[in-house]
4 protein chains.
Amino acid sequence: VGGRYFVAIGGPCAVESREQTLFVARRVKASGAHVLRGGAFKPRTNPYSFQGLGEEGLKILAEARAETGLPFVTEALDLEGLELVERYADAIQIGARNMQNFPLLRAAGQARKPVMLKRGFQATLEELLLAAEYVLAGGNFDVVLCERGIRTFSDFSRNTLDLGLVPAAKALTHLPVIVDPSHASGRRDLVVPLSRAAAAVGGDGIMVEVHGDPGCALCDGTQAVTTEAFSTLVTEVGRVADAVDRPLLQPETRRRKVAVGQFF
Amino acid sequence: VGGRYFVAIGGPCAVESREQTLFVARRVKASGAHVLRGGAFKPRTNPYSFQGLGEEGLKILAEARAETGLPFVTEALDLEGLELVERYADAIQIGARNMQNFPLLRAAGQARKPVMLKRGFQATLEELLLAAEYVLAGGNFDVVLCERGIRTFSDFSRNTLDLGLVPAAKALTHLPVIVDPSHASGRRDLVVPLSRAAAAVGGDGIMVEVHGDPGCALCDGTQAVTTEAFSTLVTEVGRVADAVDRPLLQPETRRRKVAVGQFF
Amino acid sequence: VGGRYFVAIGGPCAVESREQTLFVARRVKASGAHVLRGGAFKPRTNPYSFQGLGEEGLKILAEARAETGLPFVTEALDLEGLELVERYADAIQIGARNMQNFPLLRAAGQARKPVMLKRGFQATLEELLLAAEYVLAGGNFDVVLCERGIRTFSDFSRNTLDLGLVPAAKALTHLPVIVDPSHASGRRDLVVPLSRAAAAVGGDGIMVEVHGDPGCALCDGTQAVTTEAFSTLVTEVGRVADAVDRPLLQPETRRRKVAVGQFF
Amino acid sequence: VGGRYFVAIGGPCAVESREQTLFVARRVKASGAHVLRGGAFKPRTNPYSFQGLGEEGLKILAEARAETGLPFVTEALDLEGLELVERYADAIQIGARNMQNFPLLRAAGQARKPVMLKRGFQATLEELLLAAEYVLAGGNFDVVLCERGIRTFSDFSRNTLDLGLVPAAKALTHLPVIVDPSHASGRRDLVVPLSRAAAAVGGDGIMVEVHGDPGCALCDGTQAVTTEAFSTLVTEVGRVADAVDRPLLQPETRRRKVAVGQFF
């Protein structure tokens, strides 16, 4: 992430079962995406909501990687989870609600896997960069920033995607910046146009929620696109990425240049 | 605006003088833009700031149109100004601060020129559509919506461009939606990437502030791009617009299809 | 407003009829309030909502004043309405949506009646003071500022009352500052506690919507308190006002010191 | 907290040294406050800022309690810190940045000390109540909510104190709600008026930052009041609290009714 090529990351919000995850992983792979995402530990506003499969979910993701060759990124919520995620995953996600969880950031700075740091939905650019600094200060220089929408009064979408952050961050730091249009909008029908915009504005990649049957998702179903829609999305984003000279990494190119686990 | 082609609108924030306006108009035309913008009546937060040239400014814009062939759009602040703008201009702009100036909207509904209605920086999508309804209810059906950024806590840019509004509005209405990245960001360096994103997200056009010498602008100089930068901008936006099958209207096409005054 | 005493303003959102207005006016007077409010010209988001009775409403308010002795304040939406309001009313209200309607502010600067300027729900303190400057610059020095809530993500109330603005504005200007808890909250049950807080924070008065039968109000019924609740409100606010040495003006005091029309 | 009496909590943002803490604790006690606050573990946006004295700070706070008789509340940032805080302190603070740190909330639900849960500066009321539910679901029913301002565009203060939350939360839950005007405003001159407003709106207490020499504070000096100002503050707040029938707990009353450690 952050080189010449634009990167597409897709997968379910939450790992719900082996079947669901393998199904989505195969389709995400077939669509031309480069990385699998999926949550094993889920931060949920409501204590009674589905909280994720935990280590079992990590094993399912590892199995999906073995089958498809796609590296995966998944979120860690606390120090204990971080150790597990570091062991299984190819990259560690720090979620928006934990962007200022400073003990967790410090621990991520000690990890030997890349860190994808999501902007808090209430965070300024300066706060995001200082949160990244917590990780960098620990000696882990592989940090990818992720814009995922901010909380505003605008109420047609769940959050407001702040795409100007991409060029603004790049003017201040060398860190790659990707975009999550799924959490930003909370609306399936906005995910494709916002993904195209993420490529056009100069982002280094997108991370999109994909579900085999969004209506039955245990988490955030209204924002997940179907596997068919994801395939169209990758095609459309690819055209825009070409237009801004940041083409999608192609399968054959990838095989030559990037080994699993070195993707980030 | 709103047909098959993507439309580029450029010009100075304020009409400052005949020389400045003609200079910019010629360059905007040469860059491939389709419409000239420029303010004769300026709504200023501070009562002691430059307030615009008034009718004299409208005459200068009309002269620039006569020379370049570019139709122009300019803002009306009150009922008296609306009459003048309707007489001189090709389209009437209702600014963000007046999006809920209901007497002005009603009067615009009686006008026989297209209306470009800017979203208030505090307005929800529903409020924007209801403001448009004030104009439509008066019998004027030529309304173009314009997203120009909303006020949020995010402080690296002046406002936060809410690009998801473009597809969200198009899901609810047939009205064209254009994007103003200049007021949204307040930063010259963000105008080009956000313009590309506006094309990628499915917008019908962009409106950009251009100044011959931004450092000396009487109004909003920090967000105006130079005439050279505007030329690059149109080229880059054109590539993205092609990638989403909404190409820029080309001069030769335009000559055949669109007469001055029928552009909107 | 702005002297030693705390001022209570009450009345219906909109003047709906002679009966409704006189009923509320008598009760507001009996509760110990000092000024009547009521809208004859209503700025409505939806063009098909009730828009007010116009000049007929002003005549009803004048009749209520004649009967109760309460001066009244009412909103003007445009230049034509401003002339009428100046003729009939004791004070001119400029509403939140018009806080940056600069032609209207200039005209209010020429009026010979006090101006109550409501903070736009998107306006910073600086913008509010500069809007007041438009009125002051015209030679009208009787300006009262009104905090009425700002638009935020917080969704339990319609807007978020920004009470810190009261002392912050008073540190920068000599203008009185009153508080409108009705529009700020949009919830009847929050109006009494927020009115007490407005007195405690150092405000110069409150403006509250009161309706004889809130369930049948043509406008903003959910935020209007009943006439009984308003009476309790004035009593409770009076106790807090005493505790901060800004007692409510009492009827007998008032009779001696303030003639109708000189209240502001 | 949450009974008939209004509670005043004061103390330094951070425990910087034994001398500073004891000095402030004595003055806070003399002013009539009921609880001491002070941070041993500090969540800091910038990794290079002062991060607190850790366990050493807890020991200093315990010494201040031994001398003054004031129970103390202090923040825990992670699971390890939570154990220490539970061992030393009388109540555990969960800070605004950790309001959705779900593993920490779960652990606090297992603790045998009261929990003061601060509203995230981006959190809705519903999210705050669901965060409290994480603690309650663990079996710890002693939860006190704390409104400390939300992030908005309003820029004269650091955050915007959302006082309507106090009655709105009380309509939905039996949990006590206190107010932190120091973090909300970030401005010393707003702390006294907002504290009075917190009492008037129906809050159960206030928590205020106090420093012997604010100009030299290692953390948030601009919002700390001097010990002299705090004394005035308690007096003024006491008058308002009386006016709303929620008097401050007096020393003699306290001695009879509340033992150290049972305060919450």
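Every chain is numbered from 1, with letters handed out A, B, ... down the list of sequences. Only heavy atoms go into these numbers, but all of them, side chains included; no hydrogens, no water, no symmetry mates.
With a 4.5 angstrom heavy-atom cutoff, F102(C) touches chain B only via side-chain atoms. Heavy atoms of Y48(C) lying under 4.5 Å from chain B belong exclusively to its side chain. For T124(C), the parts sitting under 4.5 Å from any heavy atom of chain B are the backbone and the side chain alike.
Between T173(C) and L129(C), the shortest heavy-atom contact is CG2-CD2, 3.8 Å. Nearest heavy-atom pair across T45(B) and L130(C) is O-CB, 3.3 Å. Nearest heavy atom pair, residue R44(C) against residue C219(C), reads NH1-CB, 3.8 Å. Contact record, T74(B) with A89(B): CG2-CB, 3.9 Å, taken as the closest heavy-atom pair.
Under a 3.5 Å cut-off, the side chain of Q20(B) and the backbone N or O of A14(B) do form a donor-acceptor pair. Within the 3.5 Å criterion, the main-chain N or O of V177(C) finds a donor-acceptor partner in the side chain of D204(C). Looking only at distances, no side-chain donor or acceptor of R37(C) sits under 3.5 Å from a matching main-chain atom of F72(C). Checking side-chain atoms of K42(C) against main-chain N and O of F50(C) turns up no donor-acceptor pair under 3.5 Å. Side chain of Q51(C) to main chain of S49(C): a donor-acceptor pair is present (N/O by atom type, distance under 3.5 Å, no hydrogens or angles).
The choice from E126(C), R97(C), E127(C), R106(C) that makes the most heavy-atom pairs within less than 4.5 Å of chain B is R97(C).
By the salt bridge (Lys or Arg N to Asp or Glu O under 4.0 Å) test, E55(C) is found to be paired with no residue, residues two or more places apart in sequence or in another chain being considered.
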Run the side-chain donor-acceptor check on residues 75-87 of chain C: report pairs under 3.5 Å with partners two or more places apart or on a different chain.
from, atom 1, to, atom 2, distance (Å)
E75(C), OE2, G95(C), N, 3.4
D78(C), OD1, G81(C), N, 2.8
E86(C), OE2, R112(C), N, 2.8

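Within residues 146-159 of chain B, the residues that have a heavy atom under 4.5 Å from a heavy atom of chain C are R151(B), listed by number. For a heavy-atom cut-off of 4.5 Å, chain C lies close to no residue in residues 178-191 of chain B.
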